[in-house]
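Working notes, beginning with the structure itself.
The structure presented is a predicted model; accordingly, all values stated were derived computationally and were not measured. Order of listing sets the numbers, starting from 1, for every ligand and every atom in it. Both backbone and side-chain heavy atoms feed into the values below; hydrogens, waters and symmetry mates do not.
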Amino acid sequence: MAISDISHRKRYLAEGNVYLPHIAVIEKIIEETPGVLTFHFNFKDDKLKDEFTFESGQFGEYSIFGVGEAPFCISSSPTRRDHLEFAVQRAGRVTNALHRLGVGAEIGFRGPFGNSFPLDFLQGKNLVFVAGGIGLAPLRSLIWNVIDNRDKYENIDIIYGARSPLDLCFKYDLDAWEQDKTVKMTTTVDRGDDSWKGNVGFVPSITEQVAPSAKNAVAIVCGPPVMIRFTFPVLEKLGFTPEQMITTLEKRMKCGIGKCGRCNIGDIYVCRDGPVFSYAQIQGFLSSEY
Ligand code: FES
């Protein structure tokens, strides 16, 4: 099965109005970096809390009443259903307002939207995760999903980088994956500091050094556009074909359901056709538009 067979796997939250947000309550806030927070939340409605399902890779529209809404991936794994998580980098009006929220605050949630990572395509394969900065958010949903079903997958390589040690997100996950003997974890920073003893170098160069084998493997890549653009050629050099490379894009999304036309890249809508794509699907316009 090719990944292109797996798009359009959408599951809307309810039969009813997709514009209607469901009320959720913030239960915990983690400061990942000075500009990034992770929010743990649950739905106020107990029935919805029990019945809500999603798949790794899908996203939601999160709203603050009176301010606006913005899309973020669900960064927790569907295999861990005590609560849901999303991570937010402070960047504009809605994200600033989200950063001002405290535990107990109510937000709106619409979703889940979009397609998901193709678990059936990934099963039985060696998986190579390559992430930069907050781009680890959607991948960590899949990484935990895979770890929680460890016997279905072969080797797991994780290569993760950030600008500096302070900018590394999800440090508790990085620690857990370091400890996991079934995972090969490589962490790097663009610029070290006095306390940093690990790798220093950009994610694409470190990927080239780690040199994961392309044999029976799939690489799943997410990070800043420039990182994605330079990582794919490295993976190609290592023997990965465009069908063996997957990414998830976030671009100017607003409505999340293919109505506003804000998220197009080339002739695709990220919200409607993605956000998960194989490199084969997007390589034609990646360099010019993303
Ligand atoms: S976000 Fe509106 S069309 Fe994609």
Side-chain angles (χ1 to χ4, degrees), residues 3-24 36 39 41 52-76 84-99 107-118 133-135 137-139 141-142 220-226 228-229 246-290:
I3 182 179
S4 48
D5 299 333
I6 305 162
S7 54
H8 304 291
R9 235 186 357 189
K10 294 189 177 61
R11 289 212 262 156
Y12 295 116
L13 183 67
E15 308 284 283
N17 188 346
V18 291
Y19 293 104
L20 198 65
H22 296 267
I23 308 298
V36 176
F39 295 89
F41 70 99
F52 181 80
T53 58
F54 72 100
E55 294 176 25
S56 293
Q58 291 193 293
F59 67 94
E61 290 279 353
Y62 301 80
S63 51
I64 299 204
F65 306 107
V67 179
E69 70 173 356
F72 304 101
C73 70
I74 303 171
S75 61
S76 47
L84 297 155
E85 297 178 26
F86 67 108
V88 179
Q89 184 153 35
R90 201 170 46 218
R93 209 162 70 96
V94 176
T95 55
N96 269 304
L98 282 165
H99 272 239
I107 57 169
F109 176 94
R110 296 191 295 120
F113 296 132
N115 66 355
S116 54
F117 291 110
I134 196 174
L139 298 204
S141 171
L142 178 60
I220 305 108
V221 180
C222 188
V226 65
I228 294 180
R229 262 208 317 271
I246 294 172
T247 190
T248 173
L249 304 177
E250 264 186 26
K251 180 153 180 175
R252 299 187 302 256
M253 284 202 280
K254 187 160 173 63
C255 71
I257 51 173
K259 301 285 185 208
C260 73
R262 287 265 294 261
C263 65
N264 75 300
I265 305 179
D267 58 0
I268 59 161
Y269 281 2
V270 173
C271 74
R272 186 196 61 194
D273 305 319
V276 176
F277 297 95
S278 71
Y279 185 46
Q281 289 174 292
I282 58 169
Q283 61 182 335
F285 49 78
L286 194 66
S287 56
S288 57
E289 300 210 35
Y290 194 75

Determine whether a donor-acceptor pair (N or O, by modelled atom type, separation under 3.5 Å) exists between the side chain of S75 and the backbone of A137.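 A pair under 3.5 Å: no.
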Do any N or O atoms from the side chain of N264 and from the backbone of Y269 form a donor-acceptor pair under 3.5 angstrom?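 Checking the backbone N and O of Y269 against the side chain of N264, no donor-acceptor pair under 3.5 Å is found.
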Test applied, side-chain contact (heavy atoms from CB on, under 4.5 Å); reference residue, I282; option that passes from D273, I228, I265, L249: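 Exactly one candidate clears the test, L249.
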Show me which atoms of ligand 1 lie under 4.0 Å from any heavy atom of [X].
{"X": "C260", "result": "1 (S), 2 (Fe), 3 (S)"}
{"X": "G261", "result": "2 (Fe), 3 (S)"}
{"X": "G258", "result": "3 (S)"}

Going by heavy atoms in the side chains, are F39 and L84 under 4.5 Å from each other?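 F39 vs L84: side chains apart.
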F65 side chain reached by V67 side chain, heavy atoms, under 4.5 Å: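 With C-beta onward as the side chain, the pair stays apart.
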Among the heavy atoms of K259, does any lie under 4.0 Å from an atom of ligand 1?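 For ligand 1, residue contact (heavy atoms, under 4.0 Å) with K259 is present.
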Give a rough value, rounded to 10 degrees, for the angle at atom 4 (Fe) of ligand 1 between atoms SG of C271 and SG of C263.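 Output for this angle: 100°, rounded to tens.
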